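Data block below; observations after.
Everything numeric in this text was worked out from a predicted model, so none of it was measured. In what follows, chains are A, B, ... by sequence order, proteins preceding strands, each numbered from 1.
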Number of protein chains: 2
Amino acid sequence: MNLAPRPDQATDDACRTPAGPTALGAEEAQQKALVFKALADPNRLRLLSIVKADASGETCVCDLTAPLDLGQPTVSHHLKILVEAGLLRREKRGTWAYYSLVPSALDDAAGILGDL
Amino acid sequence: MNLAPRPDQATDDACRTPAGPTALGAEEAQQKALVFKALADPNRLRLLSIVKADASGETCVCDLTAPLDLGQPTVSHHLKILVEAGLLRREKRGTWAYYSLVPSALDDAAGILGDL
DNA sequence: TGCTCATATTGATGACAGTCAATATCGAGG
DNA sequence: CCTCGATATTGACTGTCATCAATATGAGCA
């Protein structure tokens with residue numbers, strides 16, 4: 001690859017950086033992609049938004065099922081993914097389950113983009 | 001849903017916020033999820049990382065194919081997705097194609113998380 | 001013109017994700 | 001204990017995604 005000189009640039013190795021020492025490794029990339037996988041669904045973004053907007057800081061599942069146009073098992077599934085991604089925290093009190101934002105988890109995700 | 005009193009909370013409507021006026025609508029959510037869909041793949045994160053780390057600010061495709069362990073068509077495909085998500089910019093000079101970060105695109109994505 | 005090289009597009013394939021219906025679990029109350 | 005109501009789990013289905021091999025495009029050059 002790339003043995004001939006290029007039209008518009010110097011022919012030295014400046015452009016041929018193999019994988020810059022500062023670039024992301026394969027494992028780190030896979031790790032970091034997990035958070036964005038969790039954020040890559042509109043319904044999950046709405047769930048996060050609702051939980052964040054809730055004044056009490058804790059939102060019951062029954063209040064998350066209605067606004068989204070989804071069945072209860074599906075909402076439960078999305079919530080599980082958000083918990084596993086470290087974005088939400090689940091606390092069960094009696095029959096009800098309350099979800100709350102993990103403090104600074106969203107900021108951490110934003111931070112990933114800052115120092116890619 | 002939710003007609004009986006709850007164990008630990010007041011019975012008034014404070015918790016029953018149907019979809020808080022501040023919560024994300026369906027269309028906005030779908031829109032915002034697009035960026036994260038683009039970020040939700042480890043190889044695309046690595047591509048962004050390499051382009052960002054490149055001193056020249058412009059990276060040729062031939063330098064992006066090697067570090068990732070992927071075929072050239074696959075890399076081209078990922079680059080297209082990143083361009084369509086508004087994260088990368090493509091400039092073709094002669095036979096070569098150079099990709100560069102769209103200024104502040106990553107910050108904008110991070111901003112979405114800030115004011116979910 | 002015709003060849004070569006860099007990149008993009010197409011088509012096919014296997015893996016994964018979102019959704020639902022049905023069912024399981026588990027606490028609360030009678 | 002037995003039922004009810006809230007949430008979680010399972011299984012199946014469907015659509016989307018990542019990847020590759022093959023091919024197309026299109027610029028540079030002899």
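- Put simply, CG on A/L45 is 17 Å from P on C/dA17, counting in whole angstrom units.
- Straight-line distance from the CD1 atom of A/I81 to the C1' atom of C/dG18: 8 Å, rounded to whole Å.
- When the P atom of D/dC20 is taken as reference, atom CG of B/L68 falls 10 Å away, rounded to whole Å.
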Footprint string (nucleotides 8-17 of chain D, 5' to 3'): B base within contact, S backbone only, - free, heavy atoms under 4.0 Å
BB--------

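- When the P atom of C/dA17 is taken as reference, atom CG of A/N43 falls 16 Å away, rounded to whole Å.
- One can place CG of B/L70 at 16 Å from C1' of C/dT7, the figure rounded to the nearest angstrom.
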Please report, to 0.1 Å, the donor-acceptor pairs under 3.5 Å made by any side chain of residues 106-116 of chain B, with sequence neighbours excluded.
none

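- The list of salt bridge (Lys or Arg N to Asp or Glu O under 4.0 Å) pairs with a residue in residues 71-89 of chain A, not counting sequence neighbours, reads A/R89-A/E91.
- Atom CD in A/Q30 sits about 13 Å away from atom P in D/dA18, given to the nearest Å.
- Between B/L79 atom CG and B/H77 atom NE2 the span is 10.5 Å, to the nearest 0.5 Å.
- Inter-axis angle, ends of the helix from C/dT1-D/dA30 to C/dG30-D/dC1, five pairs per end, rounded to 10 degrees: 10°.
- The nearest pair of heavy atoms linking B/A97 to B/R90 is CB-NH1, 4.3 Å.
- The distance from atom CZ of A/R46 to atom C1' of C/dG18 is 16 Å, rounded to the nearest whole Å.
- C/dT7 atom C1' lies 16 Å from atom CD of B/E58, rounded to whole Å.
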Can B/L87 and B/V102 be said to form a side chain to side chain contact (heavy atoms under 4.5 Å, CB included), step by step?
CA-CA 5 Å; B/L87 294 168; B/V102 169; 6.0 Å; no

Report, one line per pair, each donor and acceptor closer than 3.5 Å where one atom sits in a side chain of residues 27-39 of chain A; sequence neighbours left out.
from: A/E28; atom 1: OE2; to: A/G25; atom 2: N; distance (Å): 2.8
from: A/K37; atom 1: NZ; to: B/A40; atom 2: O; distance (Å): 3.2

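- Just one residue in the list B/L68, B/L64, B/V51 forms a side-chain contact (heavy atoms from CB on, under 4.5 Å) with B/R46, and that residue is B/L68.
- What you find for A/I50 and B/A23 is that their closest heavy atoms are CG1-CB, 3.9 Å.
- Partners of A/H78 by side-chain contact (heavy atoms from CB on, under 4.5 Å), not counting sequence neighbours, listed by chain and number: A/D41, A/N43, A/R44, A/L47, A/L70, A/T74.
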